[in-house]
Amino acid sequence: MSVASEYLQLQRQSADQLVRQHAPLVRRIAYHLMGRLPPSVDVSDLIQAGMIGLLEAARNFATGRNASFETFAGIRIRGAMLDELRRTDWTPRSVHRKVREMAEVVRQIEIETGADADDAEVMRRLGMGAEEYHQVLADAASARLLSLSAPDDAEGGAAFDVADGESLSPQDNVEQEGLRESLIEAIGSLPEREQLVMSLYYEEELNLKEIGAVLGVTESRVCQIHGQAIVRLRARMTDWSEGGAGHREKGAGKGRTR
């Protein structure tokens with residue numbers, strides 16, 4: 001066997017080992033995503049898409065990377081699952097429209113007042129009752145409504161994801177770095193409880209029930225807080241979806257009194 005053949009065989013063996021070792025990661029990420037998706041979404045579809053992402057990660061991982069394989073694979077797995085959700089978008093256009101309208105009202109109020117938009121004022125301007133308002137927040141938490149790595153589509157939606165830096169051009173990498181900075185600033189400007197929910201959900205990867213236990217509130221209330229955070233972030237990241245580079249330099253969430 002030639003040296004090249006031996007090297008390729010070792011690479012295949014190493015990739016297979018990585019896939020076997022990290023297969024549980026796919027299920028964990030899939031069930032974490034299912035915590036904010038409706039029952040109509042089949043978890044097996046997410047797992048299947050995630051396994052494809054894991055396979056690609058194992059084939060493309062270089063040991064010289066700064067990040068661990070689990071971190072690298074997690075990005076690819078989530079990306080594959082989000083691509084599957086985009087491909088089979090189950091969210092009605094009316095949901096996208098309502099959340100987009102709510103985010104715009106939140107943005108207008110925060111520009112006018114320089115403070116976090118109050119629920120009662122948002123409901124008043126939208127002409128919504130409490131029940132409809134809370135339903136829209138729940139939809140915001142469960143639907144693919146906020147794209148922070150690409151402009152809005154006609155229905156205004158995608159999911160939380162950040163493009164893989166390895167596949168970006170230098171200019172795109174600069175854009176992504178600016179996006180990350182603006183997103184960090186926007187999250188830092190959220191009300192304390194919304195920040196905590198975002199941290200527990202996206203960083204600690206707790207599900208809604210576990211977060212409710214931490215906060216001492218119901219799972220449905222956590223869903224509402226999560227939805228409020230998403231709508232508020234959507235409002236504060238508008239410059240990234242609608243503005244040019246000049247707008248983006250302004251950042252997100254600035255000029256707000258706390």
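The structure displayed is predicted, hence computed values, not measured ones.
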Problem set entry | E101/K98 salt bridge by N-O under 4.0 Å criterion | no
Exercise. Side chains of V19 and M51: does their closest heavy-atom pair fall under 4.5 Å?
Worked result: yes
Exercise. Do R20 and Q17 have a side chain donor and acceptor closer than 3.5 Å?
Worked result: no
Problem set entry | Derivation and outcome, side chain to side chain contact (heavy atoms under 4.5 Å, CB included), residues M102 and M128 | CA-CA 10 Å; M102 182 178 289; M128 283 185 180; 4.1 Å; yes
For this session: Could you please spell out the steps behind the side chain to side chain contact (heavy atoms under 4.5 Å, CB included) verdict for V26 and M81?
Result: CA-CA 10 Å; V26 175; M81 291 179 182; 3.9 Å; yes
For this session: Would you please classify the geometry between the H22 ring and the F69 ring as parallel, tilted or perpendicular, with 30° and 60° separating the classes?
Result: perpendicular
Problem set entry | Lys/Arg N to Asp/Glu carboxylate O, E194 vs R236, below 4.0 Å | no
For this session: List the steps and the verdict of side chain to side chain contact (heavy atoms under 4.5 Å, CB included) for L196 and I225.
Result: CA-CA 10 Å; L196 180 56; I225 296 171; over 6 Å; no
Problem set entry | Side chains of V217 and R193 in contact at under 4.5 Å (non-hydrogen atoms) | yes
Problem set entry | Side-chain heavy-atom pair D118, I109 within 4.5 angstrom cut-off | no
Exercise. Out of curiosity, L126 CG to E104 CD, how far, rounded to the nearest 0.5 Å?
Worked result: 10.5 Å
For this session: Kindly indicate whether the side chain of R234, heavy atoms from C-beta on, has any atom under 4.5 Å from the side chain of R100.
Result: yes
For this session: Sequence neighbours left out, what passes ring-ring contact (aromatic ring centres under 6.0 Å, His included) with H134? Give chain and number order.
Result: none
Exercise. Are L25 and L54 side-chain neighbours, meaning at least one heavy-atom pair lies under 4.5 Å?
Worked result: no
